[in-house]
Number of protein chains: 2
Amino acid sequence: MARPPQFDRTEVLEKATQLFWERGYRGASVSDLVKATGLLPGSIYASFGNKEGMFIACLDYYGAQGDALRSQFESDSSPLTVLRNFFFAIVEMAADGDGSRGCFLVNASLECAESDSAIKSKVRDCMGQNEVWIRDQIDAARQVGELSEDTDTTRLAGCLTGAMFGFRVMSRAQEDPDKIRDVASTTFDSLVTPWQQVAV
Amino acid sequence: MARPPQFDRTEVLEKATQLFWERGYRGASVSDLVKATGLLPGSIYASFGNKEGMFIACLDYYGAQGDALRSQFESDSSPLTVLRNFFFAIVEMAADGDGSRGCFLVNASLECAESDSAIKSKVRDCMGQNEVWIRDQIDAARQVGELSEDTDTTRLAGCLTGAMFGFRVMSRAQEDPDKIRDVASTTFDSLVTPWQQVAV
DNA sequence: TATTTATTTGAATGATTGTTCAATAAAATA
DNA sequence: TATTTTATTGAACAATCATTCAAATAAATA
């Protein structure tokens with residue numbers, strides 16, 4: 001027997017995420033959030049606790065979108081294709097016009113020092129999930145024989161994750177889209193090709 | 001016929017850079033800067049114009065240290081060795097205990113949106129100088145025959161720069177030092193080895 | 001319809017933000 | 001030594017910051 005929230009939580013998180021993504025945690029004020037989401041301060045604090053709580057909710061929302069994106073690529077086609085498709089989907093997001101925002105997680109990770117511990121650990125969570133998924137695809141590719149048995153799957157996953165961080169930085173730094181595509185594809189091929197082999 | 005500044009500019013820039021590097025542009029307040037540098041607000045504004053001016057001066061200072069570091073590795077030994085030594089010096093800085101600050105330039109680039117145009121362009125300047133230097137070393141290595149004539153030196157320089165961005169992100173994200181070393185060296189080798197050849 | 005519970009409102013909070021400025025101090029020239 | 005020029009001082013500025021809260025509102029149960 002209570003009044004339900006008037007606003008659509010997803011819609012609010014979407015708008016808040018866009019704002020934080022573009023301006024950063026400290027660069028977006030609560031009154032900016034009020035303007036962007038249409039919520040008044042009281043509602044924000046009732047629903048998210050405080051500004052940090054709202055930011056973490058946005059990181060969560062962004063992380064969940066990452067989950068959705070990744071699972072969208074999963075299929076019964078070859079694991080290496082799944083991995084490649086995902087990788088280059090991210091490349092396109094970075095190269096695209098809106099890529100100048102970079103990756104919300106990477107941005108948040110660099111903006112916040114270790115003293116913002118709640119934010120940092122949420123960021124690490126989401127990044128970790130991504131890296132584990134990548135390693136899972138590599139493991140699967142190895143198991144199917146697309147990659148050599150010698151493949152150090154954890155290492156390769158780490159390298160690809162690092163490469164993705166790299167071109168997301170380039171995209172926020174306003175690098176030429178074609179250069180981002182070029183660097184990303186060259187790096188992907190250089191890292192993966194040595195372990196590739198025809199399926200058994 | 002005027003009173004000279006009382007403070008050592010380099011000393012002040014060093015302390016301010018440390019602060020901005022750890023906490024970010026918006027995360028470090030002017031009163032934090034006052035505490036860290038020992039300068040009072042009036043002196044800061046007389047010498048640097050405003051907070052943004054001081055931040056840009058710090059980026060400049062950091063960039064100049066990069067110049068110094070790079071030239072420190074230049075020698076008459078092989079260009080590829082120069083490049084490798086520089087690359088792994090940065091790797092060690094990232095893996096080291098103090099690496100949790102990441103790269104000041106990368107941090108600044110991600111924290112600031114395009115609206116912070118003066119900061120953005122200073123960051124791009126310094127990053128550009130770094131990438132050009134890397135390409136110069138690769139060019140030299142190609143000319144000496146350490147790298148194949150087919151080597152696309154601009155592309156390789158871009159890939160190595162991107163890789164360095166990547167592990168600097170990992171270091172700010174508090175990744176395990178040994179993992180950073182592993183990822184960095186694997187990526188370097190994967191990118192460079194295919195073009196390497198015995199000197200003519 | 002009356003009551004309960006939660007949300008929304010929007011003004012007000014005190015703290016902190018970046019910045020200014022008149023007064024003071026000190027070095028260098030004349 | 002007197003004068004000029006700049007640096008330093010540190011209090012004060014208005015603006016903005018994140019946050020709070022009592023009142024008003026609305027849905028759901030009884």
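Side chains are part of it too, since the values below use all heavy atoms of this structure and drop only hydrogens, waters and symmetry mates. In the text below, chain A, chain B and the rest are named by the order of the sequence lines, each starting its count at 1.
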Note: contacts of residues 6-38 of chain A with DNA chain C (heavy atom, under 4.0 Å) are A:Q6, A:F7
For A:K35, the side chain to side chain contact (heavy atoms under 4.5 Å, CB included) test, sequence neighbours excluded, returns A:D32
Restricting to nitrogen or oxygen on both sides, can you table the protein-nucleotides 11-13 of chain D pairs closer than 3.5 Å?
none

| said: Assess whether a salt bridge exists between A:D116 and A:R26, defined as any Lys/Arg side-chain N lying under 4.0 Å from an Asp/Glu carboxylate O. | reply: yes
Sequence neighbours excluded, the answer for salt bridge (Lys or Arg N to Asp or Glu O under 4.0 Å) partners of A:D136 is none
Expected list for residues 110-121 of chain A near DNA chain C, using heavy atoms below 4.0 Å, is none
### Task
Would you state whether a donor and an acceptor, one from the side chain of A:R3 and one from the base of D:dT25, lie under 3.5 Å apart?
yes
When rounded to whole Å, the CZ to P distance for the pair B:F48 and C:dT19 reads 14 Å
Report task. Decide whether A:Q18 and A:E14 meet the rule of one side-chain donor and one side-chain acceptor closer than 3.5 Å. Result -> yes
message = Between A:Y45 and D:dT20, is there a contact of a side-chain N or O with OP1 or OP2 at under 4.0 Å?
response = no
Applying side chain to side chain contact (heavy atoms under 4.5 Å, CB included) to A:S100 and not counting sequence neighbours gives A:Q174
| message | Between A:E111 and A:R172, does any NZ, NE, NH1 or NH2 come within less than 4.0 Å of an OD or OE carboxylate oxygen? | response | no
Separation of C:dT8 atom C1' from A:L39 atom CG, nearest Å, is 10 Å
> Under 3.5 Å, is there a donor-acceptor pair linking the side chains of A:S148 and A:Q197?
Replying inline: no
Closest of C:dA27, D:dT6, D:dT19 to the B:A2 side chain is D:dT6
In whole angstroms, the gap separating P of C:dA22 from CG of B:L40 amounts to 18 Å
The salt bridge (Lys or Arg N to Asp or Glu O under 4.0 Å) partners of A:E114 (sequence neighbours excluded) come to A:R124
Notebook entry, point to check: Any side-chain N or O of A:S43 under 4.0 Å from OP1/OP2 of C:dT7?
Noted result: no
Donor-acceptor contacts under 3.5 Å from residues 160-168 of chain B side chains, at least two apart:
residue: B:T161; atom: OG1; partner: B:A157; partner atom: O; Å: 2.7
residue: B:R168; atom: NH2; partner: B:Y62; partner atom: OH; Å: 3.3
residue: B:R168; atom: NH2; partner: B:G102; partner atom: O; Å: 3.3

How about B:F104 and B:F55: are their ring centres within less than 6.0 Å of each other?
yes
B:D178 meets the salt bridge (Lys or Arg N to Asp or Glu O under 4.0 Å) criterion, sequence neighbours left out, with B:R181
In short, salt bridge (Lys or Arg N to Asp or Glu O under 4.0 Å) pairs touching residues 40-61 of chain B with sequence neighbours left out are B:D60-B:K122
Here the residues of residues 49-57 of chain B within 4.0 Å heavy-atom distance, strictly under, of DNA chain C are B:N50, B:K51
Residue pairs passing the ring pair (Phe, Tyr, Trp, His ring centres under 6.0 Å) test with at least one member in residues 170-189 of chain A, sequence neighbours excluded, are A:F87-A:F188, A:F88-A:F188
